[in-house]
J.: 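Once you've had a glance at the structure underneath, I'll fire off some questions.
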There are 2 protein chains.
Amino acid sequence: MKKKKKNENSSKIFLGHDHGACFGDAITQIEDYFIQKKLQLTPLRRKVFEILIEDHKPLGAYEVLEKLGKAGFSSSPPIAYRVLDFLIEHGFVHKVQGLNAFIACSNPKHSHFPTFVICRKCEKVAEVSEEKSGLNLPNPEITNFKIEKTTIELTGICSTCENAEIR
Amino acid sequence: MKKKKKNENSSKIFLGHDHGACFGDAITQIEDYFIQKKLQLTPLRRKVFEILIEDHKPLGAYEVLEKLGKAGFSSSPPIAYRVLDFLIEHGFVHKVQGLNAFIACSNPKHSHFPTFVICRKCEKVAEVSEEKSGLNLPNPEITNFKIEKTTIELTGICSTCENAEIR
DNA sequence: TCATTACATGTTATAACATAACACACTAAC
DNA sequence: GTTAGTGTGTTATGTTATAACATGTAATGA
Ligand SMILES: [Zn+2]
Ligand SMILES: [Zn+2]
Ligand SMILES: [Zn+2]
Ligand SMILES: [Zn+2]
């Protein structure tokens with residue numbers, strides 16, 4: 001096999017994200033999913049998802065809310081929280097606990113326990129899939145525990161920022 | 001070698017915690033650490049730690065605050081947050097992000113990236129050490145990222161609660 | 001046809017969590 | 001005895017999240 005993967009050298013997690021494609025794919029994926037599951041991708045839900053996928057970075061609920069307001073929707077908190085919770089339930093959005101923020105999933109097709117890698121300096125956030133995270137759960141010690149949800153966030157400094165560190 | 005470990009069979013993470021010993025050890029450990037590092041284990045700091053280690057379960061900052069008040073300390077929010085932050089810095093307390101709560105470390109001697117296992121039903125929380133968590137980081141994909149801090153929380157249902165599930 | 005149900009959104013009010021900014025006391029160092 | 005560092009106290013405010021209730025709309029099916 002040994003087929004050379006595109007971007008093999010630039011597989012650093014903060015690079016290699018073709019967001020143009022990502023954006024389009026994501027919209028298509030959510031549309032398909034909602035049809036298949038007979039859910040309503042209402043204007044509000046679509047807008048919230050678009051807001052999050054637009055720059056593909058974590059946004060606070062109140063930031064989302066503000067953008068909703070500018071787009072003509074109500075901007076009272078429950079509006080944002082409800083839709084965000086809904087999108088989270090269906091795997092299109094994740095909450096980044098360390099930032100109290102919400103981010104569009106990078107690959108909703110994978111059912112996953114994603115890892116988020118967060119640079120404290122440039123504040124970039126990358127979602128790393130289960131298979132690639134190096135995470136290997138469950139182990140014997142937690143075999144008796146049924147994992148339903150994970151929060152895995154690695155905070156630190158990316159190589160770009162480290163090289164630029166002054167101190 | 002093959003020396004049989006104590007509690008080998010009861011190594012389920014929610015069991016096998018001798019809290020009597022844990023409590024005493026923890027106090028001794030924090031005292032030693034503070035002396036060694038020339039830090040002040042003031043009455044306030046000691047009390048906050050005691051509050052957290054007492055029942056050894058996660059408490060919200062405002063719960064800690066209330067207990068501080070009852071013990072004769074000030075109960076304005078910054079008091080709790082400052083001391084909690086301080087204890088976190090020195091590894092004696094962790095924040096459980098998923099619960100907005102604070103918990104005494106189960107083993108401050110280990111420098112660690114702990115995993116928290118949280119039963120959503122009985123709300124028990126267990127801290128699993130790095131070596132035992134099955135976590136295996138960094139992996140090739142995140143080699144260029146310098147991890148400074150981790151948040152790893154596994155939420156689900158423990159075997160005890162699962163067996164008792166009605167639905 | 002007209003209740004019943006389910007669902008999506010809207011609104012008000014409030015709860016829960018966290019920090020900024022400043023004040024004061026104590027100690028150690030110079 | 002002034003200065004700097006540290007620890008605690010206080011007031012006010014900022015940020016994040018939810019409870020409770022109201023309205024609108026569409027599908028179901030007596
Ligand atoms: Zn994802
Ligand atoms: Zn960076
Ligand atoms: Zn710990
Ligand atoms: Zn349980």
Side-chain angles (χ1 to χ4, degrees), chain A residues 30-31 33-35 37-52 58-90 92-103 123 151 153, chain B residues 30-31 33-35 37-52 58-90 92-103 120 123 151 153 155:
Chain A
I30 195 169
E31 284 172 347
Y33 178 91
F34 271 60
I35 290 168
K37 294 268 184 175
K38 299 188 180 170
L39 300 170
Q40 300 179 52
L41 185 56
T42 60
L44 176 61
R45 288 172 178 168
R46 175 186 287 267
K47 187 66 195 174
V48 169
F49 184 67
E50 283 173 359
I51 287 169
L52 287 178
L59 295 180
Y62 283 75
E63 290 179 279
V64 172
L65 212 48
E66 203 190 324
K67 288 171 190 273
L68 281 178
K70 286 180 182 164
F73 294 89
S74 162
S75 61
S76 40
I79 294 293
Y81 283 103
R82 276 194 297 235
V83 174
L84 289 168
D85 287 349
F86 183 85
L87 294 173
I88 287 171
E89 253 176 56
H90 292 284
F92 289 93
V93 169
H94 299 295
K95 181 168 185 185
V96 182
Q97 293 280 4
L99 305 173
N100 290 321
F102 302 86
I103 188 169
E123 298 185 282
T151 299
E153 298 175 8
Chain B
I30 195 170
E31 284 171 347
Y33 177 93
F34 271 59
I35 289 168
K37 294 269 185 174
K38 299 189 178 167
L39 300 170
Q40 301 179 50
L41 185 55
T42 60
L44 176 61
R45 287 172 179 169
R46 174 185 287 268
K47 186 66 194 174
V48 169
F49 184 67
E50 283 173 359
I51 286 168
L52 288 179
L59 294 179
Y62 282 72
E63 292 178 278
V64 172
L65 212 49
E66 204 190 323
K67 289 171 190 272
L68 281 178
K70 288 180 181 162
F73 294 89
S74 162
S75 61
S76 41
I79 295 292
Y81 283 104
R82 277 194 296 233
V83 174
L84 289 168
D85 287 348
F86 184 85
L87 294 172
I88 287 171
E89 251 175 58
H90 293 283
F92 290 92
V93 168
H94 299 294
K95 180 167 186 186
V96 183
Q97 292 281 5
L99 304 173
N100 289 323
F102 302 86
I103 188 168
R120 64 163 162 76
E123 297 184 283
T151 299
E153 299 174 6
T155 304

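Chain letters run A, B, ... following the sequence lines, proteins first, then strands; residues in each count from 1.
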J.: So which heavy atom on B:Ala71 is nearest to which on B:Lys47, and how close?
T.: CB-CE, 3.6 Å
J.: Determine whether a donor-acceptor pair (N or O, by modelled atom type, separation under 3.5 Å) exists between the side chain of B:Glu153 and the backbone of B:Val96.
T.: no
J.: Tell me: CD of A:Glu89 to P of C:dC7, nearest whole Å?
T.: 12 Å
J.: Can you tell me how far P of D:dA17 sits from CG of A:Leu65, to the nearest Å?
T.: 12 Å
J.: Just compare C:dT11, D:dG9, C:dA8 and give me whichever is closest to any side-chain atom of A:Pro78.
T.: C:dT11
J.: Taking atom C1' of D:dT6 as reference, at what distance in whole Å does atom CZ of B:Phe34 sit?
T.: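 Those two atoms, CZ and C1', are 13 Å apart.
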J.: Looking only at the side chain of A:Ser76 (C-beta and beyond, no hydrogens), which of the listed nucleotides C:dT12, C:dA18, D:dT8 gets closest?
T.: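 Out of C:dT12, C:dA18, D:dT8, the nucleotide with an atom closest to A:Ser76's side chain is C:dT12.
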J.: Could you pick out which residue, B:Leu44 or A:Ala101, lies toward the 5' side of DNA chain D when each is mapped onto its nearest nucleotide?
T.: B:Leu44
J.: C:dC17 P sits how many Å from B:Leu59 CG, rounded?
T.: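 Taking atom P of C:dC17 as the reference, CG of B:Leu59 is at 11 Å.
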J.: Measure across B:Lys95 and B:Phe102 and return the closest heavy-atom pair with its distance rounded to 0.1 Å.
T.: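 What the structure gives for the nearest pair is CD-CE2, 3.8 Å.
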J.: For B:Lys38 and C:dA28, what is the distance between atoms NZ and P respectively, to the nearest whole Å?
T.: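 Taking NZ of B:Lys38 and P of C:dA28, I get 13 Å after rounding.
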J.: Check B:Glu66 with B:Lys70, please: is the shortest side-chain N to carboxylate O separation under 4.0 Å?
T.: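 Salt bridge: yes.
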J.: Can you find an N or O donor on one side and an acceptor on the other, under 3.5 Å apart, linking the side chain of A:Tyr81 with the base of D:dA19?
T.: no
J.: Identify which nucleotide among D:dG7, D:dA17, C:dT9 has an atom closest to any side-chain atom of A:Ala61, counting heavy atoms from C-beta outward.
T.: D:dA17
J.: When you match A:Pro77 and A:Val83 each to their closest nucleotide on DNA chain C, which lands nearer the 5' end?
T.: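 So the residue in question is A:Val83.
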J.: Just compare D:dT8, D:dT18, C:dA18 and give me whichever is closest to any side-chain atom of B:Tyr62.
T.: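 Shortest atom-to-atom distance from the side chain points to C:dA18.
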J.: So does A:Pro78 get a backbone contact from the side chain of A:Ser76, meaning a donor-acceptor N/O pair under 3.5 Å?
T.: no
J.: What heavy-atom pair brings B:Phe34 and B:Arg45 nearest, and what distance separates the two atoms?
T.: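 Closest pair (atom of B:Phe34, atom of B:Arg45, distance): CE2-CD, 4.4 Å.
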J.: Determine whether A:Leu52 and A:Leu84 make a side-chain contact, defined as any pair of heavy atoms from C-beta on separated by less than 4.5 Å.
T.: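 Yes; the side chains approach each other to less than 4.5 Å.
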J.: Over how many whole Å does the gap from B:Gln40 atom CD to C:dA28 atom C1' extend?
T.: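 In whole Å, C:dA28 C1' and B:Gln40 CD are 11 Å from each other.
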J.: Atom NE2 of A:His90 and atom P of C:dC7: how far apart are they, to the nearest Å?
T.: 11 Å
J.: Per the end-axis method with five pairs at each terminus, what is the bend angle of the helix from C:dT1-D:dA30 to C:dC30-D:dG1, to 10°?
T.: 10°
J.: Just compare C:dT11, D:dA17, D:dT11 and give me whichever is closest to any side-chain atom of A:Asn100.
T.: D:dA17
J.: How long is the line joining CG of A:Leu39 and C1' of C:dA8, in whole Å?
T.: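 Rounded to the whole Å, the gap is 12 Å.
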J.: Which of the following nucleotides, D:dT8, C:dG10, C:dA18, is nearest to the side chain of B:Arg45?
T.: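 Of the candidates, D:dT8 comes closest.
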